[in-house]
Amino acid sequence: DQQVKQNSPSLSVQEGRISILNCDYTNSMFDYFLWYKKYPAEGPTFLISISSIKDKNEDGRFTVFLNKSAKHLSLHIVPSQPGDSAVYFCAARNYGGSQGNLIFGKGTKLSVKP
Amino acid sequence: SAVISQKPSRDICQRGTSLTIQCQVDSQVTMMFWYRQQPGQSLTLIATANQGSEATYESGFVIDKFPISRPNLTFSTLTVSNMSPEDSSIYLCSVVWFSMFYNEQFFGPGTRLTVL
């Protein structure tokens with residue numbers, strides 16, 4: 001039973017436009033959500049996070065929105081750049097859970113076309 | 001931040017054999033983790049490896065199958081024992097870096113294992 005779901009395995013966006021990556025979760029005990037970016041042959045790298053007490057966190061071109069009632073979060077990238085092409089993983093942590101015990105989605109492959 | 005390297009980067013192994021994966025961190029860290037990503041699946045935590053104590057395994061993973069060593073604060077190994085094709089995965093080492101303002105989790109580049 002998947003607790004963190006990324007229902008879109010891939011997304012293609014034109015350079016300069018907005019990329020919206022979605023993530024749904026089922027466990028209401030999650031208190032912290034993260035987005036990781038992964039290039040081929042590299043490990044995932046941390047991108048942005050949001051605490052469950054917030055509904056928005058912004059860092060440059062990246063904004064994460066959290067809708068707790070819908071158990072849904074999204075990552076917005078504006079404007080999208082070809083270098084953003086990568087696999088994006090949504091992850092969540094249980095309240096009181098150990099630091100390393102992140103629950104990951106299966107990832108969404110973003111392609112930004114010039 | 002922490003820079004993590006893993007060896008080997010990839011390997012092809014025969015059924016029934018064992019492979020030891022090494023993880024080296026450029027800084028001393030308390031908490032190290034081993035993850036697995038099976039084809040088309042999400043990253044799954046195998047175990048937490050803390051220096052000076054036995055590794056803590058997640059449900060579905062056992063020490064006999066995935067023995068872990070953590071001899072010091074910068075190094076760990078994960079052995080995949082008596083391999084079967086179902087063990088074909090990417091294995092990733094990860095650490096948590098604690099700073100005054102945030103705790104960030106870093107991942108190594110991964111070891112791509114194929115079992116024939």
Side-chain angles (χ1 to χ4, degrees), chain A residues 1-10 21-27 30-51 53-54 57 59 62 64 73 86-109, chain B residues 1-10 21 23-25 29-50 53 55-61 68 70 76 89-99 101-112:
Chain A
D1 181 32
Q2 260 197 294
Q3 297 186 67
V4 177
K5 300 177 184 179
Q6 294 178 258
N7 292 320
S8 298
S10 64
L21 295 96
N22 293 305
C23 178
D24 296 296
Y25 62 95
T26 57
N27 190 340
F30 288 147
D31 69 336
Y32 201 67
F33 302 90
L34 308 91
W35 285 94
Y36 282 82
K37 180 168 72 173
K38 185 182 185 301
Y39 293 118
E42 296 183 12
T45 55
F46 170 76
L47 188 58
I48 192 170
S49 63
I50 188 167
S51 166
I53 63 173
K54 297 188 174 182
N57 187 26
D59 184 1
F62 303 92
V64 56
L73 65 155
V87 177
Y88 289 79
F89 291 97
C90 173
R93 189 181 69 198
N94 256 328
Y95 173 76
S98 64
Q99 289 285 348
N101 200 356
L102 298 176
I103 311 298
F104 284 85
K106 291 186 178 182
T108 297
K109 183 176 183 179
Chain B
S1 64
V3 176
I4 306 171
S5 59
Q6 286 185 232
K7 289 183 182 179
S9 59
R10 58 176 61 225
I21 302 168
C23 175
Q24 181 75 53
V25 188
V29 292
T30 304
M31 303 177 76
M32 293 179 76
F33 310 93
W34 287 97
Y35 283 80
R36 178 175 78 178
Q37 185 184 15
Q38 294 178 301
Q41 301 299 312
S42 57
L43 283 77
T44 302
L45 180 64
I46 297 172
T48 303
N50 295 324
S53 63
T56 303
Y57 290 83
E58 298 300 309
S59 175
F61 298 97
I68 288 171
R70 182 81 198 275
S76 177
S89 297
I90 299 174
Y91 292 86
L92 299 113
C93 173
S94 177
V95 303
V96 172
W97 184 258
F98 296 96
S99 72
F101 304 106
Y102 63 89
N103 301 334
E104 188 172 334
Q105 188 160 350
F106 295 89
F107 288 84
T111 296
R112 184 179 292 273

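Given the structure is predicted, the values throughout are model-derived calculations rather than measurements. Reminder, nothing fancy here: chain letters follow the sequence lines and each chain counts from 1.
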- What one should report as the nearest heavy-atom pair of A:Gly105 and B:Ser42 is O-CB, 2.9 Å
- Closest heavy-atom pair, A:Phe89 versus B:Gln37, reported as atoms and distance to 0.1 Å, is CZ-NE2, 3.5 Å
- What is the distance from atom NZ of A:Lys38 to atom CG of B:Leu43, rounded to the nearest 0.5 Å? 8.5 Å
- Note on the structure: Bottom line for B:Leu92: the part with an atom under 4.5 Å from chain A's heavy atoms is side chain
- Message: For B:Gly108 versus A:Pro44, what's the shortest heavy-atom pair and its separation?
- Response: O-CD, 4.4 Å
- Item | Interface moiety of A:Tyr36 toward chain B, non-hydrogen atoms closer than 4.5 Å | side chain
- Task: Under the side-chain contact (heavy atoms from CB on, under 4.5 Å) rule, collect the residues that match up with A:Asn57, sequence neighbours excluded.
- Result: A:Ile48, A:Ile50, A:Val64
- Message: Using heavy-atom distances under 4.5 Å, tell me whether B:Gln6 contacts chain A through its side chain, its backbone, both, or neither.
- Response: neither
